[in-house]
Amino acid sequence: QVIATFRLLPKESVELYVGLSCVSEENARDNLEHDFTGDGFDHFRREAEQRWRQVLSRVRVKGGTPAECANFYTALYHSFLTPNLVSDANGDYRRHDMKTGKVDGRRKQYSTFSLWDTFRAWHPLMTLLDTTLVGDMVNSMLNIYDVTGELPIWSLSSGETNTMIGYHAVSVIADAYLKGIRSFDARQALEAMTRSAEKNAKGAAYYTRYGFIPSDLRRESVSCLLEFAYDDWCISRLATALGESETARRFALRAGNYANVFDGSGRFFRPKRLDGNWEPAFDPCRVGRAYTEANAWQYRFFVPHDVRGMIQLYGGEAMFLADLDSLFHVFLLADWVWFGTGMGKFSVQRLLSLRSNWNDSFRLDYGLCGQHLFEFFAVSGVCSAVSGFSGDAVLYIAGENEMARMAGCGVFSIGISAEQLVGKAGNSLCFCQYFVVLRKRFLAVFPESDSAVSVSKKDEVSSAKRGESQ
């Protein structure tokens, strides 16, 4: 520890520069010398401002009110605050076994992968806005696999926290490959994905043996199963792309396991015991136990990879849409408590944007049923509920950002788009020239597109349909 005191004359200041490294003090000094390219604080401030302008200009906006534009770019700014760079200027980084690793050339090693939070929206957003970053992140995950034998679940600096559920690194990797990012060894990646799926500590053994996770033996059983099924579908998609038909078939079958915990009488995904019976006294509003920081309502539609199959379980589109519509009313009626915090009425952004996979699931559910107009109104309502200006004109975006999770949801919710599911041929966002914000003639355009146009009210819904078909 160091305590330094200074006697300063009026208008004098002290500038302090700090070098950081996870490896050594020497590397920290080298990092400082490598980054110290200017003539003081004012130079770095101007340089930072210029770099941020370059980053934020990756998406151009036309139309909308100043408040809407500020909301959009605030979410976009938050989206680029993560992940954490852990490799030094010379390529050194601290591996998960505490030894020193090294990345070559221009590669960078990243950590702090809050994958349960970010696989829904932030990672798909990065596949569109920063393919170099995505390639480095995938290689970082594979470097972790080389040391630990498993892809990261929730890595932090040089270690694994094993926090949260799923093996969502597989969705990040599959999404990258199927959207044309090939700066990694895809076959090594597939090997890492299949092995990680078999050894996940939160129920993989039960899941592969029984096709479900017994709720009397494991907590979070329903959430784990539903998210495992989605991850397995991602593995199947990559295996198909690589010509590994047997692996593709095996994981495609596993991806259908969601049906094993669907209760047709109430149309919820319910916890099931080892003896095959449902857990008694089921309350869909109850948070926890079989669900991860959520309840049965929030996981009620979490089958983003097989919406058609889920509709069949519901008994057809009419019943499915009725239940989907009910979600927008139930949170006003139920006095739910989220995650033991005593938060009174359950907040809309917790209900929709985060736990329920709003971007990947609900909007797609309405879209596949031809309900594009309701999709428009629903998204507009959610955007209004989770962002705005306070009384003193200070911008806010509701909720915890959690490694840019809320920011990614915000960008995709304000910028309504085609589905973001991994590898949906013909519908993946990478094929869209632009995406439209269906509120007040607000248009967000990726800079690669030269087809930016203003969208009138009468064209809004048809533009959304065209976006899905590109």
Side-chain angles (χ1 to χ4, degrees), residues 1-6 8 11-59 73-114 118 122-123 125-144 147 152 155-159 172 176 181 183-184 401-404 407-408 447:
Q1 295 181 347
V2 175
I3 299 177
T5 60
F6 304 91
L8 302 177
K11 297 185 178 181
E12 281 189 326
S13 63
V14 174
E15 295 185 2
L16 177 67
Y17 302 90
V18 179
L20 302 175
S21 171
C22 296
V23 176
S24 67
E25 292 182 11
E26 180 181 359
N27 278 15
R29 295 189 183 94
D30 291 342
N31 290 341
L32 181 59
E33 292 181 6
H34 178 271
D35 294 337
F36 197 95
T37 58
D39 298 321
F41 177 82
D42 288 338
H43 167 82
F44 287 111
R45 179 185 59 80
R46 290 191 299 270
E47 184 179 36
E49 181 177 337
Q50 181 181 7
R51 290 186 179 183
W52 273 113
R53 288 185 181 278
Q54 291 174 348
V55 169
L56 296 178
S57 68
R58 295 178 186 180
V59 179
Y73 278 111
T74 297
L76 190 63
Y77 165 73
H78 288 167
S79 297
F80 283 99
L81 293 176
T82 58
N84 291 346
L85 176 66
V86 294
S87 56
D88 295 330
N90 64 1
D92 289 351
Y93 70 96
R94 182 73 64 187
R95 304 193 322 177
H96 279 214
D97 59 2
M98 295 298 109
K99 297 179 180 179
T100 299
K102 195 176 189 68
V103 289
D104 299 325
R106 298 181 180 179
R107 293 279 174 84
K108 296 179 179 179
Q109 182 74 17
Y110 290 97
S111 187
T112 316
F113 294 127
S114 176
T118 56
W122 182 79
H123 279 288
L125 179 63
M126 289 301 107
T127 63
L128 303 177
L129 300 183
D130 197 336
T131 57
T132 300
L133 172 63
V134 173
D136 282 341
M137 287 193 293
V138 171
N139 280 298
S140 298
M141 294 176 185
L142 294 178
N143 288 339
I144 293 172
V147 173
S155 64
L156 179 63
S157 187
S158 304
V172 176
I181 301 172
S183 55
F184 58 91
N401 197 34
E402 291 190 323
M403 301 308 297

Which atom of [X] lies closest to which atom of [Y], heavy atoms considered:
X: Tyr73; Y: Leu56; answer: CE2-O, 3.4 Å
X: Ser155; Y: His96; answer: CB-CE1, 4.0 Å
X: Ser183; Y: Asn139; answer: O-ND2, 2.8 Å
X: Val103; Y: Ser87; answer: CG2-CB, 4.1 Å
X: Leu20; Y: Asn31; answer: O-ND2, 2.7 Å
X: Ser111; Y: Pro83; answer: O-CB, 3.4 Å

Run the side-chain hydrogen bond (donor to acceptor under 3.5 Å, both in side chains) test against [X] and tell me which residues pass, sequence neighbours left out.
X: Asn143; value: Gln109
X: Thr131; value: none
X: Asp42; value: none
X: Glu15; value: Tyr17

Non-neighbouring partners of Phe41 that pass ring-ring contact (aromatic ring centres under 6.0 Å, His included), sequence neighbours left out: none
Check against side-chain contact (heavy atoms from CB on, under 4.5 Å), Arg107 and Ser140: CA-CA 9 Å; Arg107 293 279 174 84; Ser140 298; over 6 Å; no
How many angstroms lie between [atom1] in [X] and [atom2] in [Y], if you round to the nearest 0.5 Å?
X: Leu32; Y: His34; atom1: CG; atom2: NE2; result: 11.5 Å
X: Phe80; Y: Arg51; atom1: CZ; atom2: CZ; result: 14.5 Å
X: Asp35; Y: Asp30; atom1: CG; atom2: CG; result: 10.5 Å
X: Arg94; Y: Ser21; atom1: CZ; atom2: OG; result: 8.0 Å
X: Trp122; Y: Phe113; atom1: CH2; atom2: CZ; result: 7.5 Å
X: Thr82; Y: Met137; atom1: OG1; atom2: CE; result: 8.0 Å

Greater than 12 external heavy atoms within 6.0 Å of Glu47's CD: yes
Tyr93 side-chain N/O to Ser158 backbone N/O, donor-acceptor pair under 3.5 Å: no
Which residues share a side chain to side chain contact (heavy atoms under 4.5 Å, CB included) with [X], sequence neighbours left out:
X: Gln54; result: Gln50
X: Leu16; result: Val18
X: Asn90; result: Asn27, Asp88, Asp92, Lys102

Mind checking what makes salt bridge (Lys or Arg N to Asp or Glu O under 4.0 Å) contact with [X], not counting sequence neighbours?
X: Asp130; answer: Arg58
X: Arg46; answer: none
X: Arg95; answer: Asp97

Presence of salt bridge, Arg53 and Glu49, under 4.0 angstrom: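 Here Glu49 pairs with Arg53 in a salt bridge, since their nearest N and O are under 4.0 Å apart.
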Qualifying salt bridge (Lys or Arg N to Asp or Glu O under 4.0 Å) pairs, either residue in residues 133-144, two or more places apart: none
Test salt bridge (charged side-chain N to carboxylate O under 4.0 Å, His left out) applied to Arg29 and Glu26, Glu25, Glu33, the passing residue: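 Result for salt bridge (charged side-chain N to carboxylate O under 4.0 Å, His left out) with Arg29: Glu25.
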